[in-house]
Amino acid sequence: MFQTLCLLITSLISFGDCKAISGAYTSSQEWKIAVKKSENFLAQLTTEDKAYIATGVAGPCTGSIKPIDRLGFRGICIQDGPLAVRPADFVSVYPAGVSVGASWDKELAYQRGVLLGEEFKAKGANVMLGPVVGPLGRNPLGGRNWEGFGSDPYLSGELTYQSIIGTQSTGMQSCVKHYIGYEQTTGSNPGTNEDGVTIQGYSSNIDDRTMHELYSWPFANAVRAGVSSVMCSYQRINGTYGCENSKTLEGILKEELGFTGYVMSDWGGTMSGVKAIENGLDMTMPGGMVSMTGTTWGYSLFGGNITNAVENGTLPMSRLDDMVLRVMAPYFYLQQDRSDWPLIDPSSQELGDFSDSMANYSWPIGGEAHRDVRGNNGDFIRRLGAQSVTLLKNKNDALPITNIPRYIGVFGNDAADKSAGLASTPDSEVIGTFATGGGSGSGRLTYLVSPLEAIKTWAKGRPNSLVQYLTDNELTPSLLKPTTVGFGEAIYPIPEVCFVFLRYYVSEGPDHSDFDLNNNGSAIVNNVASICNNTVVVTHSGNVNLMDWANHPNVTAIMMAYMPGQESGNAILDVITGKVNPSGKLPFTVAYNASDYNTAIVNFTAMEITDPNGRQVNFSEGQLIDYRHFDSAGITPRYEFGYGLSYTTFSIEEVSFKSKTNKVSPLPDKRKSVQPGGHPDLYEVIATVQFKVTNTGKLAGATVPQLYLAFPQDTTPAGTPVKVLRGFEKVHLEAGRSQKMNFEITRKDLSFWNVVRQEWEVPRGSFEAMIGFSSRNILATKLFEVL
């Protein structure tokens, strides 16, 4: 358990060359230098120094590791969050993870990672808390689903890989979160019932196969990308808290996946001291402190307690050394010890949570205050926002609108600018476009282009155009009084097109209890559509909404715009006008009925719990979540996973299968050493599916061919999904043009987790490769044997 990082690194390097380690670790020489620097640094530390490398203290950042002046170590600045430098001014607010997932675009995920890394670095941070792959999206009502990339592990894993490669290419550390099984926030932390009894946080009870094939899959991609840190989650996993769970931290993450970085606790997620350290936790956050708002995080279980534990023999020095090496190796590898590393912007210190004890250390704060690090990144944000927009309905080619109508109507509380200011998005805000969710995953906007503002600007392109609007959902029903000539006094005459913008609040903290759009959103759609025969509905939502009004004859188009960031209105208008041909695809399944889903938030807060261990969430559905469940249960969705329309059409043909080897052994070669991401054989390409995609329409556009695999039914265990996503790629084509494409299938793609052998195993028999444009729109299939 206490094998030091340097020994692990030695074992990795001895297997050929570190170039085999994907992601950040591309040069064996650079990595060896980083390890050597870490060892030299370690040799100069006192036991107390070592303890505080692993312990957060009050400082200028979301999380802070204190400086050591005599060694010239400036400390480590850890900042929220996955879509912006949250405690900072003059930074960009990017589309959220769910928007990246909806883009299905690896290149854009990479570019977003690069730009985020550059902004975090320019503000003086060392660690970016992101990306998010947990929650994965087991429950469609999960309050934090929007922070991640979607409900499929393969989709999430591929976009996670690219995001981390991008961010760490700038020298910024990525911290992937929340590990693992953190699929609802309700009841995740300990609480006290009315009798004063401590009720433990809920336990995510997950079987071994589901843990490997579903929830750890995207984390494996993150490790393979060379991620510096992994954040453990609040709740228990199979009865043990996530930040002290030896099976998930030591067994799966560090041993099976070969993770060489450090495990960081979520804020307040450390439930024990030595026990947590022995079981794999390397850094506790934020440490014992009081915030400027008065929040008490409590006494730190690390810090001086680590020093005492080493001195009295409770904790081996070798394990403490391992913790320090794990923290410092990424720091030196990414050259964050350079003298020209940017100082922490003084404004970030002022906006940060923690104020006490900051003067006790020589924090690297300085340089220009309020420095603007946004550059021209708004252009990229607009592009990504537009590329993620998913067109769900387009009756009679209602979109695009290439000629500006004279009479335009805009409705819904999501159309207008934010009424609660740019710094936050409270759930109490009744009027305001919802460009990003709330909590630690949010960002501080410096500007926001609302849909109404964008439409007004667009309408100026036509003389005598008239934009009329109602953005108060409470007033709209009473003001929309049908007459023979229009809506009544409020809106006259009847617009040629009526845009309805609706929102669904999502944030860290609350999970949802229903699928309804906020503030009577569905009623607004029906009210407007009852009069306007060309009603276009746009939703800002990070989760599933049922859309009972989708088949209304006057609802001509529906678009999901997710959480598009600061260029929200412009990105949506680009799609409406055809400047951008929509290519977004659903990263989850939209059902007809709430009962179609097979998981639910367990509302512990409404239960009279007396048993300290009474909070239990049983993942009894196994791998059958989202489209996998719909396939298995034979349920027809309203809009399936991977679905999204375009203004043009595409075809797939000439599908062929090519094996890379004559024989595939069932199990990986045990003679080889584990690398970051797992056994190296898992990423060996076994076969290739080739095909041709053609733009058969009249407009240039992009689409996302998707590969699904069906496993042999008689040689795989019960609970195997009907099919699983195993390939996707966005392709841009001019009208009438074709492109040859291929999907590489790896050993891991073809394997299931054998719980008896504790190995990834390739089953014998016939697989079916399915190529299409969604999980239900399969255009070609190919059977192949694995021998």
Side-chain angles (χ1 to χ4, degrees), residues 22 104 106 152-155 157-158 161 213 217 221 585 623 627-628 631-632 640-643 649-669 678-696 702-717 720-733 737-754 759-787:
S22 301
W104 290 62
K106 299 173 188 176
D152 180 83
Y154 186 91
L155 174 66
E158 294 299 304
Y161 181 91
E213 294 189 41
W217 187 292
N221 285 62
K585 305 290 183 182
Q623 298 183 57
Y627 73 91
R628 299 162 177 234
D631 286 349
S632 177
E640 69 270 17
F641 175 82
Y643 174 85
T649 55
F650 297 91
S651 68
I652 288 175
E653 53 192 349
E654 299 180 14
V655 178
S656 63
F657 175 86
K658 183 178 181 180
S659 176
K660 294 283 187 177
T661 180
N662 293 327
K663 186 176 182 179
V664 179
S665 61
L667 304 176
D669 188 343
H679 194 290
D681 283 1
L682 295 177
Y683 301 99
E684 173 192 3
V685 176
I686 300 298
T688 302
V689 176
Q690 299 174 327
F691 59 96
K692 183 176 77 172
V693 59
T694 302
N695 182 341
T696 57
T703 190
V704 184
Q706 300 160 37
L707 168 67
Y708 296 85
L709 293 183
F711 281 59
Q713 295 183 1
D714 54 349
T715 55
T716 50
T720 299
V722 173
K723 61 177 176 291
V724 292
L725 181 70
R726 287 295 186 263
F728 68 90
E729 198 72 44
K730 179 166 279 190
V731 56
H732 298 259
L733 290 172
R737 299 299 297 272
S738 300
Q739 182 171 321
K740 292 285 185 71
M741 300 184 68
N742 66 79
F743 289 129
E744 293 183 333
I745 302 174
T746 67
R747 170 183 286 275
K748 188 175 182 182
D749 292 334
L750 296 171
S751 298
F752 70 92
W753 179 255
N754 188 314
E759 294 274 9
W760 289 96
E761 179 178 340
V762 178
R764 306 292 89 177
S766 295
F767 287 79
E768 185 177 9
M770 294 169 273
I771 303 286
F773 293 123
S774 77
S775 63
R776 291 292 175 100
N777 183 18
I778 302 300
L779 302 181
T781 62
K782 198 76 175 178
L783 291 174
F784 62 95
E785 295 278 339
V786 173
L787 304 174

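Predicted, not measured: the structure shown is a model, and the values here were computed from it.
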Would Tyr161 and Trp217 satisfy ring pair (Phe, Tyr, Trp, His ring centres under 6.0 Å), going step by step from the backbone distance to the final call?
CA-CA 11 Å; Tyr161 181 91; Trp217 187 292; over 10 Å; no
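Atoms CD and CZ, from Glu768 and Phe657 in turn, are 12.5 Å apart once rounded to the nearest 0.5 Å. Atom CG of residue Asp749 and atom CG of residue Leu707 lie 8.0 Å apart, to the nearest 0.5 angstrom. Summarising the geometry, atom OH belonging to Tyr708 is positioned 15.0 Å from atom OG1 belonging to Thr781; distances are rounded to the nearest 0.5 Å. Here CG of Asn754 is found 8.5 Å from CD of Glu759. Values are rounded to the nearest 0.5 Å. Note that CD1 of Ile652 is 8.5 Å distant from CE of Met741, once rounded to the nearest 0.5 Å. Taken to the nearest 0.5 Å, the NZ atom of Lys723 stands 11.5 Å off from the CG atom of Leu709.
Screening residues 679-696 for salt bridge (Lys or Arg N to Asp or Glu O under 4.0 Å) gives Glu653-Lys692, Glu654-Lys692, Lys672-Asp681 as the qualifying pairs, with residues at least two apart or on separate chains.
Contacts of Arg726 classified as side-chain hydrogen bond (donor to acceptor under 3.5 Å, both in side chains), with partners at least two apart in sequence or in another chain: none. Taking the salt bridge (Lys or Arg N to Asp or Glu O under 4.0 Å) definition, one finds that Asp669 meets it with Arg671, sequence neighbours left out. In this view, Glu640 and Ser774 satisfy the side-chain hydrogen bond (donor to acceptor under 3.5 Å, both in side chains) rule, not counting sequence neighbours. For the side-chain contact (heavy atoms from CB on, under 4.5 Å) test, residues two or more places apart in sequence or in another chain that qualify with Ala780 are Val655. Annotation: side-chain contact (heavy atoms from CB on, under 4.5 Å) contacts of Asn742 (sequence neighbours excluded): Thr688, Gln690, Glu744. Scored by the ring pair (Phe, Tyr, Trp, His ring centres under 6.0 Å) test, Tyr643 finds Tyr639 as partners (sequence neighbours excluded). Here Glu785 pairs with nothing under the salt bridge (Lys or Arg N to Asp or Glu O under 4.0 Å) rule; sequence neighbours left out. Applying the side-chain hydrogen bond (donor to acceptor under 3.5 Å, both in side chains) criterion to Thr716, with sequence neighbours excluded, gives no partner residue. The side-chain hydrogen bond (donor to acceptor under 3.5 Å, both in side chains) test applied to Gln713 returns no partner, not counting sequence neighbours. With sequence neighbours excluded, the residues forming a salt bridge (Lys or Arg N to Asp or Glu O under 4.0 Å) with Arg628 are Asp152, listed by chain and number. Residues forming a salt bridge (Lys or Arg N to Asp or Glu O under 4.0 Å) with Lys106 (at least two apart in sequence, or on another chain): Glu158, Glu729.
Nearest heavy-atom pair across Arg747 and Val664 is NH2-CG1, 3.8 Å. The heavy-atom pair separating Ser738 from Thr694 by the smallest distance is OG-OG1, 2.6 Å. A pairwise comparison of heavy atoms in Phe773 and Val693 identifies CZ-CG2, 4.2 Å as the closest pair. Residues Thr649 and Asn695 come closest through the heavy atom pair O-OD1, 3.2 Å.
Around atom CZ of Arg764, more than 12 heavy atoms belonging to other residues, nucleotides or ligands sit under 6.0 Å away.
For the pair Ser775 (side chain) and Phe641 (backbone), a donor-acceptor distance under 3.5 Å is present. Of the possible polar contacts, none joining the Asp631 side chain to the Val722 backbone as a donor-acceptor pair under 3.5 Å is found. Between the side chain of Glu213 and the main chain of Trp753, a donor-acceptor pair closer than 3.5 Å is present.
Using a 30° and 60° split on the angle between ring planes, Phe743 and Phe691 fall in the tilted class, from 30° to 60°.
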